[in-house]
Structure formats: C-alpha cells, structure tokens
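Single-structure report; data block below.
Both counts, for ligands and for their atoms, begin at 1 and track the order of listing. Note: hydrogens, waters and symmetry copies are ignored here, and every other heavy atom, side chains too, is used.
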Amino acid sequence: MSEASPLDTATPWYACQRCGNCCRWPGDVRVTDDEITNIATFLDMPRIEFIEQCTRLNANRTGLSIIDKPNGECLFLEGVNVCRIQPVKPVQCEGFPNVWNFPGWREKCEAVEAPRPTDAETLRAKR
Ligand code: SF4
Ligand code: SF4
C-alpha cells in the first residue's frame, strides 16, 4: 500500500467515477472507534449491536473492519455503487485512491486524472 498527501500538488489527482469497484474487492474496510460511533448513530443502532452485527476483527487483529456480504462486497454497498453509510463512511473509503492505493489499483479503479480540487470536502463526494 502506498500513501500520499492529497495536498501534494506534485502527484496527479484522480476523480472517482463511482464505479463501486473498490466496495467489491476483498480486504479490510477498517473502522475507528469514532467511526463506529458515527455509523451506529447514523444507522440508529446501539453501538454494541453495530459491532456485533456489522464488524469483524481485521486481518492483522489490530481493530475492527466492516463485514462482507456472502458475495464478497461490503455490507453497506447497495446495488452497483451506492454506499448506505455515505455521509459517515470510513476515512479509508474516502482516501482511495488519492491518499492511499496499492500496486495494480489502476486495473480495478475507474477514477480519471482531473484538476486537483481546492475543496477538501470533495473527498467525501465519492460514492
Ligand atoms: S463503507 Fe461504503 S464506501 Fe466504504 S466500502 Fe462499504 S459501501 Fe464502499
Ligand atoms: S475510487 Fe475508483 S474503484 Fe472506487 S468507486 Fe471510485 S472510481 Fe470506482
């Protein structure tokens, strides 16, 4: 995995095309403590219920991740490309592919090179 600052103007900026592919590929969608609280509140669920029903231990056992559906896509993906928790989705989801990505990500992600936004909120517009 590589990480870059979204404010680093020397690197290209990629605009998400809302294909939903990153919600379908395998791996951890990590949630922090604050994100767990925010998502549970958004879903109107008790925090403990959210943890029990919607999360699992992440691969390296250092925290929690959102569980997958049986078909492998994220529990909160609706249809092809709608995130059910869009306003409170984890920072990991917001950051791809501009803040972090991995070798070969271009083969899966349909984001296109675009002028760098000046509005930090643009990250949240993804999906
Ligand atoms: S939380 Fe939303 S944006 Fe993140 S992987 Fe799941 S469906 Fe996609
Ligand atoms: S970040 Fe890439 S893979 Fe994810 S929805 Fe946007 S274009 Fe698709």
Which option out of Gly20, Cys83, Ser65 puts a heavy atom nearest to atom 2 (Fe) of ligand 1?
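Residue with the shortest heavy-atom distance to the ligand atom: Cys83.
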Looking only at non-hydrogen atoms, the one of Ala111, Cys19, Ala15, Gly95 nearest atom 3 (S) of ligand 2 is Cys19
Atoms in ligand 1 flagged as close to Cys74, the criterion being non-hydrogen separation under 4.0 Å:
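Here the atoms of ligand 1 in question are 1 (S), 5 (S), 6 (Fe), 7 (S).
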Counting each atom of ligand 1 from 1 as listed, which ones have a heavy atom of Phe76 under 4.0 Å away?
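It comes down to these atoms of ligand 1: 7 (S).
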Which ligand 2 atoms, with their elements, are less than 4.0 angstrom from a heavy-atom of [X]?
X      : answer
Phe96  : 1 (S)
Gln17  : 6 (Fe), 7 (S)
Cys22  : 1 (S), 3 (S), 4 (Fe), 5 (S)
Cys109 : 1 (S), 2 (Fe), 3 (S), 7 (S)

Would you say Ile67 and Ile36 are hydrophobically clustered, going by side-chain heavy atoms of ILVMFWY under 4.5 Å?
yes
Verify same cluster id: Val91, Ile39 (apolar side-chain graph, 4.5 Å)
no
Can you tell me if an N/O/S atom from Cys93 lies under 2.8 Å from atom 4 (Fe) of ligand 1?
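It does; at least one qualifying atom falls short of 2.8 Å.
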Only one of Asn38, Ile66, Leu75 passes side-chain contact (heavy atoms from CB on, under 4.5 Å) with Ile85, and that residue is Ile66
Using the ring of each side chain (for Trp, its six-membered ring), is Phe102 parallel, tilted or perpendicular to Phe96, with breaks at 30° and 60°?
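Ring orientation, 0 to 90° scale: parallel.
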Can you list every salt bridge (Lys or Arg N to Asp or Glu O under 4.0 Å) pair that touches residues 39-57, not counting sequence neighbours?
Asp28-Arg56, Asp33-Arg47
Exam field: side chain Trp100 to backbone Gln92, donor-acceptor pair closer than 3.5 Å
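Confirmed, Trp100 side chain pairs with Gln92 backbone.
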Could you tell me whether the side chain of Glu113 reaches within less than 4.5 Å of the side chain of Trp13, counting heavy atoms only?
no
Test of understanding: given a 4.0 Å heavy-atom threshold, classify the contact between Leu75 and ligand 1 as side chain, backbone, both, or neither.
neither
